[in-house]
Amino acid sequence: MQFEPSRKMILEAILLTVAEISADTGVPVIIFPKMQVADEDGINVVNPATGFQLCLTGDTDFGLCTYKTEAHQFFMLTAADNSAMKFAHGCVTLVADMSERKCLYDNMPEAISQAIALSERKRKKAVRFCISDGLNWVFATLATDEHGNRVSYQGELFSIIKQEPEIQEEFEDSVRQIVALVYHWLTANDDPFSDPLYTLEAI
């Protein structure tokens, strides 16, 4: 009888592998489960076109944060939940939904709101985020244009094939592909328009 890993096990194994690769390549990372994205009082966001205001609160399922110095590492590990992000150099939010009955893209509004909060908190014009159920992954970017409007770009769905004895190599290749994409999303530069991995297009 062959043991089949759960979606949660696969997702956590991917994140741990990314952390190991990051450390080996000189880009140390800390992974925070249930990391607070907003301050305790929330983050007020204003639509520049309509003036509509929204207060964003809450946390993300996983926060993948890089840091530059050991001092930053110490502060991130010992800071209050809502302060760790302040010391992070780079950060990617991940919405993890293990429900097999729910469409993965249904999580996009939640993921985008977290990305908006992240961009406001870090004062960045572009941030990257992910959605996953362990087997399926969506990689996305939120960018602010010259008029202050936020635009979300999302890639195609990447999937890990089901593990079977006769296609073990294909399964491992699909896992490695996801690991490489998560690592790239975490370590890529801040400008999503200069990333050689893809081309952004308005649809």
Side-chain angles (χ1 to χ4, degrees), residues 7 10-31 35 37 60-68 85 88-97 102-161 169-203:
R7 293 168 179 254
I10 293 175
L11 185 143
E12 291 179 348
I14 287 172
L15 296 183
L16 288 174
T17 303
V18 169
E20 292 175 357
I21 294 174
S22 298
D24 291 341
T25 55
V27 187
V29 61
I30 300 176
I31 299 176
M35 185 184 75
V37 180
T60 185
D61 293 322
F62 290 95
L64 288 69
C65 302
T66 60
Y67 58 91
K68 283 190 172 182
M85 187 185 299
H89 172 62
C91 188
V92 172
T93 55
L94 167 61
V95 173
D97 187 350
K102 185 178 179 182
C103 176
L104 192 61
Y105 286 99
D106 290 343
N107 297 284
M108 189 59 72
E110 176 187 356
I112 291 175
S113 68
Q114 293 176 4
I116 294 173
L118 176 62
S119 67
E120 289 289 321
R121 188 79 183 277
K122 299 297 292 180
R123 300 185 182 278
K124 290 188 174 183
K125 291 186 176 181
V127 294
R128 300 169 188 253
F129 59 100
C130 311
I131 304 174
S132 176
D133 60 8
L135 293 178
N136 304 292
W137 293 72
V138 176
F139 296 87
T141 294
L142 181 80
T144 304
D145 64 18
E146 63 273 14
H147 303 294
N149 299 309
R150 295 179 175 87
V151 182
S152 175
Y153 300 90
Q154 63 190 49
E156 63 183 54
L157 186 71
F158 289 89
S159 298
I160 296 174
I161 65 174
E169 185 175 347
E170 288 82 353
F171 166 76
E172 293 176 356
D173 285 343
S174 64
V175 172
R176 280 192 287 267
Q177 180 187 46
I178 297 298
V179 168
L181 288 170
V182 175
Y183 174 79
H184 179 82
W185 231 235
L186 180 62
T187 59
N189 61 47
D190 292 335
D191 184 5
F193 295 95
S194 64
D195 195 318
L197 191 64
Y198 59 82
T199 301
L200 293 180
E201 295 180 356
I203 299 177

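All values below come from the heavy atoms of this structure, side chains included, with hydrogens, waters and symmetry mates left out. Counting begins at 1 with the first residue of the sequence. Worth saying up front: this structure is predicted, and the values here are computed from it rather than measured.
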**Item:** Partners passing salt bridge (Lys or Arg N to Asp or Glu O under 4.0 Å) against Lys124 (at least two apart in sequence or in another chain)
**Value:** Asp190
**Message:** Can you give me the closest heavy-atom contact between Arg150 and Ser119, atom names plus distance?
**Reply:** NE-OG, 4.0 Å
**Item:** Crowding at NE2, His89 (>12 non-hydrogen neighbours, <6.0 Å)
**Value:** no
**Prompt:** Which salt bridge (Lys or Arg N to Asp or Glu O under 4.0 Å) pairs, counting each pair once, include a residue from residues 133-149, with sequence neighbours left out?
**Reply:** Arg7-Asp133
**Message:** Give me the atom names and distance for the closest heavy-atom approach of Val127 to Ala115.
**Reply:** CG2-O, 3.4 Å
**Fill in**
Sorted by chain and number, sequence neighbours left out, side-chain contact (heavy atoms from CB on, under 4.5 Å) with Gln154 holds for Tyr105, Met108, Val138, Ala140
**Request:** To the nearest 0.5 Å, tell me how far Ile131 CD1 sits from Asp97 CG.
**Result:** 9.5 Å
**Prompt:** Tell me the ring-ring contact (aromatic ring centres under 6.0 Å, His included) pairs involving residues 111-145, sequence neighbours left out?
**Reply:** Phe139-Trp185
**Request:** Can you measure from CD1 (Ile160) to CD (Gln177) and round to the nearest 0.5 angstrom?
**Result:** 9.0 Å
**Message:** When you compare the side chain of Phe158 with that of Ser174, does any pair of heavy atoms fall below 4.5 Å?
**Reply:** no
**Prompt:** Just how far is it from atom CD1 of Ile31 to atom CG of Leu94, taken to the nearest 0.5 Å?
**Reply:** 9.5 Å
**Prompt:** Which heavy atom in Tyr198 sits nearest to a heavy atom in Pro192, and how many Å separate them?
**Reply:** OH-O, 3.0 Å
**Prompt:** Quick one: does Arg121's side chain get under 4.5 Å of Cys91's, heavy atoms only?
**Reply:** no
**Asked** Please walk me through it: do Val29 and Thr187 pass side chain to side chain contact (heavy atoms under 4.5 Å, CB included)?
**Response** CA-CA 10 Å; Val29 61; Thr187 59; over 6 Å; no
**Request:** Taking all non-hydrogen atoms of both residues into account, name the closest pair between Ser152 and Ile112 and its distance.
**Result:** OG-CD1, 3.6 Å
**Request:** Provide the closest heavy-atom pair for Ser159 versus Asn136 in the form atom of the first, atom of the second, distance.
**Result:** OG-OD1, 2.6 Å
**Asked** Quick one: does Ser132's side chain have a donor or acceptor within less than 3.5 Å of a partner on Ala96's backbone?
**Response** no
**Request:** Using atom types as modelled and distance alone, determine if a side-chain donor or acceptor of Thr66 lies under 3.5 Å from a backbone N or O of Gly90.
**Result:** yes
**Item:** Among Leu142, Asp195, Leu64, the one residue meeting side-chain contact (heavy atoms from CB on, under 4.5 Å) with Arg128
**Value:** Asp195
Taking distance alone, no hydrogens or angles, what donor-acceptor pairs closer than 3.5 Å link side-chain atoms of residues 13-23 to residues at least two apart or in another chain?
residue: Thr17; atom: OG1; partner: Ala13; partner atom: O; Å: 2.8
residue: Ser22; atom: OG; partner: Val18; partner atom: O; Å: 2.8

**Request:** May I ask you to test the Gln114-Val95 pair for a side-chain heavy-atom distance under 4.5 Å?
**Result:** yes
**Item:** Residues that Asp106 engages under salt bridge (Lys or Arg N to Asp or Glu O under 4.0 Å), provided they are two or more places apart
**Value:** none
